[in-house]
Amino acid sequence: MSAEAQALPATAATGPLAGLRVVELGDGTAGPYAAKLLGDFGAEVVKIESPGGDSARQRGPFADDRPDPEASGLFLYLNTNKYGIVLDLDGAAGRAALDRLLARADIFVTNLPAERLEAAGVAPAALRARHPALIVTTISPFGSDGPWVERRGDELVTYAMGGLAYSTPGIPDAANDLEAEPPLHPACFAAETIAGLAAASATLAAVHNRARTGAGCHVELSQHAAVAALQHRDITTYSYLGGTYNRLLNPTTIGRMPNFYLPCKDGYVAIAAVIDIHWERLVEAMGSPDWARSAAFANGAARTANWIELRRRLIEWTTTVTGDELYALAGERQLPVFPFYPVRKMVESGHVHARHSVVDIEVGGRRARMPAAPVAMQGTPWALRRRAPRLGEHTAMILRDWLEAGNVRSGGAL
Amino acid sequence: MKREAATATGAGKPLPLAGLRVLDLGQFIAMPFCTLWLAWLGAEVIVVESRRHLTSRTAPPFVPGHEGDPDASGYFNLLYSSKKSCTVDMTTAAGRDLVRRLAGVVDVMVDNFSTGVLEKLGLGYDVISGINPGIIAVSCGAFGRSGPMKNARGLHSAVNLFSGVADVTGYPGGAPRILGGVLPDPLSGTYASFAIMAALHHRNRTGCGQFIDLAMYEAMMTLIPEAVIDLTLHDRDPVRIGNRDRVKAPHGIYRCRDADTWVAISVESERDWVALCRAAGHVEWQADPRFADAAARRANVGALELALEGWTRTMEPQRATAALQAQGVAAGPVLRCDQLLDDEQLQHRKAVITTEHPTAGVQRQLGLPWRMDSAGVEYRRAPLLGEHTHEVLTTLLGVSEAEYARLDADGVLS
């Protein structure tokens, strides 16, 4: 074992999902994230890579930007708490080894394309027939049938088709100019993370179904549908009232005013004071200026009707105050005001430190930090039991422990 | 049980969470979204609400002609599908006692009050776990239930601004922007559903319940592992890059023919680039040295996007998509929320669901984003205000008719 491996804590499997065995045939974020959640919360996860490795190994961030498939930050984050093995699924021996692993698994998670699964002999229908108690969770861009089944989709396309891009910038922010401000995708794997989370949740639903019925399940998840399923507020308006979703900054989009996202002296701040008591507190916090006491802003309806002038007046004030000063005012006066935190300020905050929201990770021999548990389960605490595997790190061990099969190696599976 | 308004998927198949009982003290979206998925999977979800302190039922949109009717709020009816409504006024001592008794007979309890509210009501986990040691309690707040900011006020915008997601969302060189779809709420709800099902698995094996502390910013931070790692590895702040990618080019959302219509296009490989040039009818781009490979296209991204938009501006999003997909390029229309319900792929998957409600009539929304071959899902209408109060109290708590009448007369069941 290397010094690097010894430096990381290795705790016993004590998570809520201890005892479940998962085989992951994933790539990128969606499939690996679903399996990471299961592994982070206690399941034993074996990740299968092709000899070329998961594409996330090529993504980085790399230490000093030097590409290294064993030191991609995104890969190292997405594959914590997993064993890693390499199987050549182009060969019969590799396919046989995979099937024998699946015979000993509770759950199979994959986001590889249907034709790759077919070629590897693990098409969902065939797997369900061979292993009736296995839970087979597949993630694909649009699902396994329908008019879009042959079409290509990725992070950006599924996100845009799921409605989230069009509604960004979102309340209390909004577009000021429809032409100059296109629908916006955040620079991260949001759709894939959402799909991985929903797939992990769906998998556990199938685990509960199996506990009572003994039956396995094909859990068939569409990444596009997963993004769309999180839309609620704006969908409702269309179902009840019809019309077209409006993404311009105005009261139709935002609702009652003031509910704004504004520049401040050293950053940006969200201010919501739509109910009278909050407006009163805001006026006092501003030092009760005369304009705020004028008829134009005397009640909620007037403030909403005169929102353009209200916004201009508020910016005159917010740009004289820092984000920290506004945050302090919000605490003193019970105001719904919150400043923008750059990632740096969030990671360095006392709150994140106190809650252990980020934990250490080694990237290319250097120390960095990564998000820790998304939820704090106090009876079964989250633990980083195992850093992400090097390519093929556990091939021999897993094939021995799970299969006790010397002839798999001689068959050229590795 | 009334089933006339049910849309059952997989009729006759078992519901994965049948027999699970959930007490829903959720407000707004986050926890009601969590229990919505649990209810669809077969859990019995009991919502405690009060005529004296209505929240979601006062929120628009309303059925036209029924403005203000608590049974006509679309905001409520879509989030409370398949749940039971029990009216109990928790500001009364007798009401709090009833809710404590309910907590004694459920498997799961969820809340997203401000930190400390539940404890003040005498319904904190320390009290409830004394009555019902096996209970799984999820308590959700913007900043969680521990740490120096646990009492900070925060709507979804504060979660966006604190979590770091706003730092990676924005146009090139521009301000941080707020993500749409009030995403922190449904995302946190989805994490809660995962944690609850994981905790149930643990309880099935050990008999132990537990307290789950869900901080919405920690849920959102799972979207940005690359930014957290890059910052802590290199002391490097995120750079906002609009819809571009740090590896792929072109990767973006481009203007189409009609005002505010857009197409998302993502080119992953050189094969994709050649296919795009063919689809756009601009094979000469292949010979343009500015676009020779991904690195060149990233270096000349302004010229690249100008050229590409010269083509997309002549097209409707669906036609541009069809041309690109025919050549194997990942592309899709940027859909507005109002377009999701009419999307042919979502409809084909039966992800668009329909419920029929006595006041609201037939309404559409998006259901679970996955399908299961061995398990069913049940989509029923939202409850009328107080529809299940009598049933829940007399059946579950064994409240006698005389006691029920007394509680009702005393206003406890308002």
Side-chain angles (χ1 to χ4, degrees), chain A residues 16 41 61 73 77 146 148 151-152 154 156-157 160-161 163 166-170 173 178 182-183 185-188 190 201-202 204-205 208-209 215 217-218 220-221 225-226 229-230 234 236-241 245 270 338 340-343 346 351 354-355 368-369 371 374-376 378-379, chain B residues 16 61 74 78 147-149 157-158 161-162 164 167-169 177-178 180-181 186 191 193-195 197-198 202 210-214 219 221-225 227 229-230 232-233 243 253 260 264 266 325 330 332 334 336-338 340 344-345 348 351 363-364 366 369-375:
Chain A
F41 287 91
Y77 164 77
W148 276 71
R151 290 186 161 184
R152 282 186 67 198
D154 69 350
L156 178 72
V157 170
M161 291 185 64
Y166 190 85
S167 54
T168 304
D173 196 359
L178 293 181
H185 171 255
C188 62
S201 224
L204 292 188
H208 286 290
N209 197 57
C217 191
H218 178 200
E220 190 271 311
L221 184 131
L230 300 194
D234 302 318
T236 311
T237 303
Y238 180 63
S239 183
Y240 271 62
L241 304 176
Y245 180 71
F338 198 86
F340 163 64
Y341 277 65
V343 176
M346 180 270 292
H351 191 67
R355 287 184 60 87
R369 320 210 79 194
V375 289
Q378 295 193 347
Chain B
L78 270 66
M149 290 173 72
S157 55
L161 292 172
F162 184 74
D167 205 2
V168 304
T169 307
R177 306 300 293 260
I178 295 174
Y191 274 109
S193 75
F194 172 81
M197 287 191 275
H202 179 70
Q210 62 176 303
F211 179 75
I212 299 169
D213 170 5
L214 198 163
M221 205 208 304
T222 65
L223 301 182
I224 58 160
I229 293 168
D230 198 31
T232 52
L233 183 62
N243 294 314
I253 287 174
D260 203 28
S266 174
Q325 289 278 0
V334 178
R336 300 188 307 262
C337 284
D338 57 271
L340 295 179
E344 56 179 2
Q345 181 66 16
H348 178 90
Q363 298 292 350
R364 294 186 298 166
L366 290 162
W370 69 85
R371 301 182 298 189
M372 297 174 282
D373 62 1
S374 62

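The chains referred to below are lettered A, B, ... by the order of the sequence lines, with proteins before strands, and numbering in each begins at 1.
Heavy-atom pairs under 4.5 Å with chain A were tallied for B/Met372, B/Arg371, B/His202; the largest tally goes to B/Arg371. Residue with the most contacts toward chain B among A/Tyr240, A/Tyr238, A/Trp148: A/Tyr240 (heavy-atom pairs, distance under 4.5 Å). Top candidate by heavy-atom pairs under 4.5 Å with chain A, chosen from B/Leu214, B/Asn243, B/Val334, is B/Asn243. Of all the listed residues (A/Ala226, A/Pro342, A/Cys217, A/Ala215), the one sharing the greatest number of non-hydrogen pairs under 4.5 Å with chain B is A/Cys217. Heavy-atom pairs under 4.5 Å with chain A peak, among B/Ile224, B/Ile229, B/Asp230, at B/Ile229. Top candidate by heavy-atom pairs under 4.5 Å with chain B, chosen from A/Gly379, A/Pro374, A/Gly163, is A/Pro374. Contact count against chain A (heavy-atom pairs under 4.5 Å) is highest for B/Ala198 among B/Ser193, B/Gly181, B/Ala198. For chain B, the option among A/Pro169, A/Cys188, A/Ala270 with the highest count of heavy-atom pairs below 4.5 Å is A/Pro169. With chain B as the partner, the residue from A/Ala229, A/Ser239, A/Ser167 showing the most heavy-atom pairs under 4.5 Å is A/Ser239. Between chain A and the options B/Ala351, B/Pro148, B/Ala264, heavy-atom pairs under 4.5 Å are most frequent for B/Pro148.
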I would like to know whether A/Arg355 and B/Asp213 meet salt bridge (charged side-chain N to carboxylate O under 4.0 Å, His left out); could you show each step before the answer? CA-CA 10 Å; A/Arg355 287 184 60 87; B/Asp213 170 5; 2.9 Å; yes
Could you check A/Phe41 against B/Phe194 for ring pair (Phe, Tyr, Trp, His ring centres under 6.0 Å), going step by step and ending with a plain yes or no? CA-CA 10 Å; A/Phe41 287 91; B/Phe194 172 81; 5.4 Å; yes
Please walk me through it: do B/Thr222 and B/Tyr191 pass side chain to side chain donor-acceptor pair (under 3.5 Å)? CA-CA 11 Å; B/Thr222 65; B/Tyr191 274 109; 2.7 Å; yes
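Both the backbone and the side chain of B/Leu78 come within less than 4.5 Å of a heavy atom in chain A. At a 4.5 Å heavy-atom cutoff, the contact between B/Gln363 and chain A is made by backbone and side-chain atoms alike. For chain B, the nearby part of A/Ala354 is the side chain; its heavy atoms alone come within less than 4.5 Å. Looking at A/Leu178, the atoms closer than 4.5 Å to chain B (heavy atoms on both sides) sit in the backbone and in the side chain alike. Residue B/His348 touches chain A through its side chain alone, counting heavy-atom pairs closer than 4.5 Å.
In the model, A/Tyr166 has a side-chain atom that pairs as donor or acceptor with a side-chain atom of B/Asp260 under 3.5 Å.
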